[in-house]
Every structure is written in C-alpha cells, then in structure tokens.
Amino acid sequence: MSVENDSSQVQSLAAGSGYPSYPVAPGSRLNVRSGPGTNYSVVDVLPLGAIVTLRCQCEGTTVSGPYGTTDIWDCIGNGRFVSDAYVKTGSDGYVVTHCG
C-alpha cells in the first residue's frame with residue numbers, strides 16, 4: 001500500500017466522527033504511544049501525511065517538535081496518544097476537552 005493510500009484511509013476514518021481532525025507535521029512518521037509520554041510503548045506509527053482525530057488532550061512528557069515544545073498529548077483513540085508538538089492544531093494550548 002502506498003503512502004498516498006495510507007493517508008486517504010486515515011482521512012476517511014477521521015471523517016464523520018464528530019471530533020475535530022488535524023494534520024500531522026509534513027514529513028513526520030509519528031509514533032503513537034499507549035499513554036501520554038515518551039516512557040509509554042509505541043503501539044503504532046502513523047504514515048506520512050496522516051490526519052488525526054482528537055478525542056481529548058492531557059498533560060504528559062514534554063516533547064519538542066515542528067510545532068514547538070509542549071507537554072500536551074492528544075488522545076486519538078482508545079489508549080492511543082501522540083505528542084501535540086507534531087499536530088497542527090493552530091494553538092499552543094488545549095483545543096479539545098481534557099482527558100479523564
């Protein structure tokens with residue numbers, strides 16, 4: 001499966017969920033972790049051009065990425081988290097409800 005197909009699949013999965021979706025930084029294959037921090041295990045890797053749907057956000061390990069340095073982690077599904085430093089939300093703060 002090509003990267004373009006992976007990206008389209010991610011976009012279609014995000015569509016219609018009722019939660020806001022945002023693009024992952026261009027050129028980034030983003031690690032998805034089992035919790036809000038780099039100390040949690042990697043459970044998946046998002047393809048280039050991925051779009052993520054944010055269910056909630058919480059505090060975790062501080063990470064530096066293309067969109068700054070932050071301790072905000074985005075929950076993109078059941079027990080699946082990505083650092084907000086790699087997601088283009090257009091904000092340095094929370095854009096959805098806090099987790100838990």
Side-chain angles (χ1 to χ4, degrees):
M1 182 179 267
S2 72
V3 170
E4 292 78 22
N5 287 343
D6 287 345
S7 178
S8 297
Q9 183 181 19
V10 171
Q11 287 175 337
S12 65
L13 290 173
S17 69
Y19 296 102
S21 298
Y22 300 96
V24 170
S28 296
R29 298 180 69 89
L30 186 57
N31 287 335
V32 178
R33 296 186 176 269
S34 62
T38 55
N39 55 319
Y40 290 89
S41 62
V42 175
V43 295
D44 198 3
V45 178
L46 297 179
L48 295 173
I51 305 289
V52 292
T53 300
L54 306 190
R55 297 178 182 274
C56 61
Q57 293 175 300
C58 61
E59 206 173 290
T61 306
T62 299
V63 172
S64 293
Y67 301 118
T69 299
T70 184
D71 65 354
I72 297 174
W73 284 74
D74 305 331
C75 179
I76 61 170
N78 296 334
R80 296 167 52 88
F81 293 84
V82 296
S83 172
D84 196 61
Y86 286 85
V87 179
K88 188 176 183 177
T89 62
S91 173
D92 288 337
Y94 289 84
V95 296
V96 295
T97 187
H98 288 251
C99 299

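For reference, positions follow the sequence shown, starting with 1.
- In this structure, the side chain of Glu59 does not engage the main chain of Asp71 through any donor-acceptor pair within 3.5 Å.
- Annotation: side chain of Asn31 is not in contact with side chain of Tyr86 (no heavy-atom distance under 4.5 Å).
- Of all the heavy atoms in Ala85 and Ser64, the pair that sits closest is CB-C, 4.2 Å.
- Cys75-Cys99 SG separation is not under 2.5 Å; the pair is not scored as a disulfide.
- For Asp44, the CG atom is densely surrounded, since the number of other residues' heavy atoms within 6.0 Å is greater than 12.
- Between the CD atom in Gln57 and the OG1 atom in Thr97 there is a gap of 9.0 Å [rounded to 0.5 Å].
- A donor-acceptor pair is defined here as one N or O able to donate and one able to accept, closer than 3.5 Å; no such pair exists between the side chain of Ser28 and the backbone of Leu30.
- From Leu46, atom CG reaches atom CZ of Arg80 across 7.0 Å, with rounding to the nearest 0.5 Å.
- Smallest separation of non-hydrogen atoms from Thr70 and Ser83: CG2-OG, 4.4 Å.
- By the criterion of side-chain heavy atoms lying less than 4.5 angstrom apart, applied directly or through intervening Ile, Leu, Val, Met, Phe, Trp or Tyr residues, Val63 is grouped together with Val52 in one hydrophobic cluster.
- Rounding to the nearest 0.5 Å places CD1 of Ile51 at 11.0 Å from NZ of Lys88.
- Hydrophobic clustering (ILVMFWY, side-chain heavy atoms < 4.5 Å, transitive): Val95 and Trp73 are in one cluster.
- Formation of a donor-acceptor pair under 3.5 Å by the Arg33 side chain with backbone atoms of Phe81 is not found in this model.
- A side-chain donor-acceptor contact under 3.5 Å links Thr61 to the backbone of Thr38.
- A distance of 6.0 Å separates OH of Tyr22 from CG of Leu54, quoted to the nearest 0.5 Å.
- With contacts defined as side-chain heavy-atom distances shorter than 4.5 Å, the pair Val32/Ile76 qualifies.
- Rounding to the nearest 0.5 Å places CG of Asn78 at 13.0 Å from OG of Ser34.
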